[in-house]
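What follows is one structure encoded as structure tokens, with my remarks underneath.
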Amino acid sequence: MSNVPLTAAERMEKIVSLCKRKGFIFQSSEIYGGFNGFWDYGPLGAELKRNLRERWWLAMTRDREDVVGLDATIVMHPGIWKASGHVDTFADSMRESTLSNKRVRTDHVEPQSGNVLEYSGARTATGWSLGKPIRVLLRKGEHIESLRKRVKTLLASVHSVSGEIELLDEQNVGAVENSVDFHAEDGGALGEARPFNLMMRTWVGPTATDADIAYLRPETAQAIFAQFKNVLDSSRVKVPFGICQIGKAFRNEVTPRNYTFRSREFEQMELEFFIRPDEAIEIIAGKVTPWTEGADLSTPQPDWGWQMWHRYWVAERTRFYQNIGLGDALEYYFQPAEDLAHYARACVDILFQFPFKTDELEGIAARGAFDLTQHQIHSGKPQEVFDDELKAAAAKLSPEQKEALLQKRLTEEKAKGDCGLDEAAVRAWFERLFAGFYVPHVIEPSAGLDRLVLAILCHAYAEESVPDAKGNPEVRNVLRFHPRIAPVKVAVLPLLRNKPELVAKARAVYDELRQDLAATFDDGGAIGRRYRRQDEVGTPFCVTIDFETLGEKGPELQDTVTLRHRDSMQQERIKISELAARLRAAVR
RNA sequence: GCGGGCGUAGCUCAGUGGUAGAGCACUUCCUUGCCAAGGAAGAUGUCGUGGGUUCAAAUCCCAUCGCCCGCUCCA
């Protein structure tokens with residue numbers, strides 16, 4: 001058996017088609033023409049997604065002692081999004097170059113100086129023409145021929161025209177100094193500023209005035225920060241510990257693309273794992289273990305600072321993906337320091353090679369104390385924890401040791417330039433720290449559930465070339481889901497439909513198995529066809545009831561069935577009494 | 001938002017102004033038999049949506065929605 005070669009585009013098309021045909025994923029609101037950026041899960045997709053969600057939740061909560069769950073609302077106090085920075089960063093005003101249609105943020109336009117040229121239009125000898133006038137900036141020192149060539153090249157690529165482009169009625173309309181009306185790269189005049197609001201708005205309360213505006217959350221994480229104190233005070237947890245949440249989030253993506261990959265409504269699985277600041281670790285443990293290549297990340301240690309915790313969570317999350325059969329398909333991207341957002345200290349992306357491109361499944365960020373500090377400032381409610389171990393350890397430090405810690409931090413803050421804390425702020429922070437108080441730092445593994453479903457489908461999809469009954473090669477479609485996450489675990493099949501005693505026996509086996517396994521019953525068509533039907537939706541096991549099951553070939557085969565394996569297509573004979581335990585073990 | 005391509009049965013697609021099609025899938029029945037191909041019968045469409053041109057539109061024109069590709073955006 002070998003895999004049929006497919007191009008990336010063919011592969012993706014087949015996956016999309018299979019998902020619709022078999023009830024994994026449907027377009028939202030399809031009977032009304034669809035709705036861009038929204039997708040529904042059909043019967044099998046809902047099961048698959050539920051299995052993945054359940055695995056993540058159990059890996060976080062049941063399998064660990066140091067993480068608890070939360071289930072918060074989608075609509076929250078608008079102040080949360082002010083504090084988190086989303087109201088500002090998600091509502092950019094954008095302008096477009098009229099020449100290239102390239103967008104630029106209004107507040108990022110670089111002032112330009114030079115002469116403004118205007119053309120009434122452009123055309124080619126082959127019949128293409130541009131009706132609208134073109135304004136473009138001839139920068140100081142730029143040769144006019146170089147500008148003409150650049151404009152022609154841009155027009156050719158933007159409008160997909162070939163052949164020589166002729167620019168019409170060139171006019172010099174005057175000089176400008178430090179103008180913010182031209183695109184920095186292509187020199188094209190910028191159009192009107194338009195707001196790009198990436199947060200979805202709604203109104204809470206029946207009056208729907210501006211004062212009632214609220215937002216559908218653009219991420220689930222902020223609810224965790226907003227409820228941090230309540231969880232801390234009610235759950236007998238102490239730092240280091242985590243709070244996890246699974247739920248819907250909403251963004252007005254500029255371009256929803258690539259099937260379900262970038263949707264406007266999507267589901268996130270997020271953990272905020274709260275840790276002590278490195279200074280607290282140093283006081284308590286005497287040192288902070290730096291991360292080194294090959295470090296032992298299996299068991300958290302008291303002297304771990306944020307770096308080790310960050311790497312630990314990368315390893316933990318990798319283990320999760322291995323357990324659902326994606327381990328061999330991941331790539332990692334360590335964001336270079338200069339690309340990090342101002343509040344992040346490190347970020348690792350876990351990527352999957354989708355047929356359309358390799359892109360992010362999960363981001364694991366070390367975010368320092370940024371979020372809780374923001375909420376402390378905006379809400380006016382302290383978000384500090386009290387750490388008695390820290391207080392006791394700090395009490396044993398000499399004034400010189402304390403000053404040394406402080407000076408070290410001061411040097412770090414100075415290195416940050418304008419965004420660093422001043423000396424008074426650092427002294428105040430250490431005073432609280434020595435008394436046992438601090439705002440915890442956080443490691444944030446944030447995964448997209450819909451992206452995971454898509455990755456699982458893409459990874460599982462295979463077309464094999466297998467010989468048919470006559471030995472001719474034939475294509476077999478199969479979804480090679482790990483049995484743990486397969487939407488249906490076992491199909492029960494009577495060999496023939498028109499023999500009531502076979503059907504009755506098969507029904508009895510089905511009724512027993514479905515008590516604790518996702519099972520299905522199929523008596524339609526030839527047996528081989530039914531096997532292939534189950535392969536196509538990724539059912540790992542088929543159980544076939546035949547006349548031997550009924551005892552026709554003697555008592556030793558009575559109450560045995562054929563157990564057929566999806567990937568190898570091998571069959572074995574097994575007693576009905578052993579079936580449930582055997583299958584349960586395989587899907588655990 | 002810009003440019004290009006596309007939208008016909010559940011799926012894949014043919015159909016360039018004159019009666020809406022094929023293959024697969026599906027439904028029912030027959031078959032003592034294990035890897036999609038046996039036999040018989042059957043159901044399936046506002047040709048994405050709205051408007052226009054025409055005696056006549058799946059076909060031509062306009063608008064709109066959706067999908068794909070590129071640009072753009074992406075805490």
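In what follows, every chain begins at residue 1, and chains take the letters A, B, ... in the order their sequences are listed.
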- Name the pairing partner of B:C47, where a pair is Watson-Crick or G-U wobble with both distances under 3.5 Å, or state none. none
- Item | Spacing between A:L198 atom CG and B:G1 atom C1', to the nearest angstrom | 13 Å
- Message: Would A:R11 pass as a cation-pi partner of A:Y461, given that its NZ or CZ must be under 6.0 Å from the six-membered ring centre and within 45 degrees of the axis?
- Response: no
- Query: For the side chain of A:F356, counting heavy atoms from C-beta on, which of B:G33, B:C35, B:C69 is nearest?
  - Reply: B:C69
- Sequence neighbours excluded - ring-ring contact (aromatic ring centres under 6.0 Å, His included) pairs with any residue from residues 524-562 of chain A: A:F541-A:H565
- Sugar-phosphate only, base, or nothing, as touched by A:E552 at under 4.0 Å among non-hydrogen atoms: base
- Query: Does B:A40 have a Watson-Crick or wobble mate here (both distances under 3.5 Å), and if so which one?
  - Reply: B:U28
- Across all strands, who's sitting opposite B:C35 as a Watson-Crick or G-U wobble pair, both distances under 3.5 Å? none
- Query: Between atom CZ in A:R533 and atom P in B:A25, what is the gap in whole Å?
  - Reply: 10 Å
- Criterion salt bridge (Lys or Arg N to Asp or Glu O under 4.0 Å) against A:D535, the qualifying member of A:R529, A:R530, A:R480, A:R564: A:R564
- Between B:A25, B:G66, B:C34, which nucleotide has the shortest distance from any of its atoms to the side chain of A:D546? B:C34
- Query: Side chains of A:E270 and A:S446: is there a donor and an acceptor less than 3.5 Å apart?
  - Reply: yes
- Quick one: label A:G23 by what it contacts on the DNA or RNA (base, sugar-phosphate, nothing), any heavy atom closer than 4.0 Å. nothing
- Message: Starting the side chain at C-beta, find the nucleotide from B:C34, B:C69, B:A37 nearest to A:T544.
- Response: B:C34
- Query: Taking any strand in view, what nucleotide pairs with B:G1 in a Watson-Crick or G-U wobble way, both distances under 3.5 Å?
  - Reply: B:C71
- If you find the nucleotide of RNA chain B closest to A:E501 and the one closest to A:R21, which residue's nucleotide is nearer the 5' end? A:R21
- Task: Using the C1' atom on both, measure B:A9 against B:C2 and round to a whole Å.
- Result: 35 Å
- Message: Counting the atoms with a prime plus P, OP1 and OP2 as sugar-phosphate, which does A:T562 contact under 4.0 Å by heavy atoms, base, sugar-phosphate, or nothing?
- Response: base
- Please report, rounded to the nearest Å, how far the C1' atom of B:C68 is from the CZ atom of A:R262. 16 Å
- Query: Taking the side chain of A:Y259 as heavy atoms from C-beta outward, which of B:C11, B:C68, B:C35 is closest to it?
  - Reply: B:C68
- Please measure how far the P atom in B:G52 lies from the corresponding atom in B:G45, and state the result in whole Å. 26 Å
- Complement of B:G18, any strand, by Watson-Crick or G-U distances under 3.5 angstrom: B:C55
- Message: What contact category does A:E548 fall into here, base, sugar-phosphate, or nothing, at under 4.0 angstrom with non-hydrogen atoms?
- Response: base
- Rounded distance (Å) that lies between atom P of B:C65 and atom CZ of A:R264: 12 Å
- Message: For a quick check of understanding: with a heavy-atom distance under 4.0 Å over all strands, which category does A:I527 fall into, base, sugar-phosphate or nothing?
- Response: sugar-phosphate
- Message: Between A:R476 and A:E464 (side chain of the first, backbone of the second, donor and acceptor by atom type, cut-off under 3.5 Å), is there such a pair?
- Response: no
- For the base of B:C35, is there a side-chain donor-acceptor partner from A:R564 under 3.5 Å away? yes
- Query: If we take the C1' atom in both B:C69 and B:A63, what is their distance in whole Å?
  - Reply: 24 Å
- Query: Taking the same atom, P, in B:U8 and in B:C47, what whole-Å distance lies between them?
  - Reply: 11 Å
- Out of B:C34, B:G66, B:G10, which nucleotide sits closest to the side chain of A:K20? B:G10
- Query: Do side-chain atoms of A:Q245 reach the backbone of A:A72 as a donor and acceptor pair under 3.5 angstrom?
  - Reply: yes
- Message: Using the side-chain heavy atoms of A:L496, tell me which of these nucleotides is nearest: B:C69, B:U32, B:C11.
- Response: B:U32
- Query: Rounded to the Å, how far apart are A:F35 CZ and B:C65 C1'?
  - Reply: 11 Å
- Value for CD1 (A:I574) from OG1 (A:T560), rounded to nearest 0.5 Å, stands at 10.0 Å
- How many Å lie between CG on A:L502 and C1' on B:C34, as a whole number? 13 Å
- Closest to the A:R532 side chain: B:A36, B:C11, B:G66? B:A36
- Item | Separation between the C1' atoms of B:G48 and B:G42, rounded to whole Å | 29 Å
- Task: Among B:C34, B:A36, B:G33, find the nucleotide with the atom closest to the side chain of A:Q571.
- Result: B:C34
- Do any side-chain nitrogens or oxygens of A:N258 fall under 4.0 Å of OP1 or OP2 in B:C67? no
- Between B:G66 and B:C24 - P atom distance, rounded Å: 35 Å
- Query: Is the shortest side-chain N/O distance from A:R529 to OP1 or OP2 of B:G33 below 4.0 Å?
  - Reply: no
- If you check every side-chain atom of A:F547, which of B:C30, B:G33, B:C35 has the closest atom? B:G33
- Message: Which nucleotide, if any, forms a Watson-Crick or G-U wobble pair with B:G23, using both distances under 3.5 Å?
- Response: B:C11
- Item | Selected nucleotide, minimal atom distance to A:K499 side chain, candidates B:U32, B:C73, B:C35 | B:U32
- Task: Write down the distance between CD (A:Q27) and C1' (B:G66), rounded to a whole number of angstrom.
- Result: 6 Å
- Query: Using the C1' atom in both, what is the distance from B:A14 to B:A58, to the nearest Å?
  - Reply: 12 Å
- Message: A:I74 vs A:F250, test: side-chain contact (heavy atoms from CB on, under 4.5 Å). Steps then yes/no.
- Response: CA-CA 9 Å; A:I74 287 167; A:F250 303 80; 3.5 Å; yes
- Would you check if the side chain of A:R367 reaches a backbone N or O of A:E272 as a donor-acceptor pair within less than 3.5 Å? no
- Message: Say we look at B:U64 and B:A57: how far apart would their P atoms be, to the nearest angstrom?
- Response: 24 Å
- Query: Looking at A:N498, does any N or O in its side chain come under 4.0 Å of the phosphate oxygens OP1/OP2 on B:U31?
  - Reply: yes
- Query: Could you give the CG-to-C1' distance, from A:L493 to B:G33, as a whole number of Å?
  - Reply: 13 Å
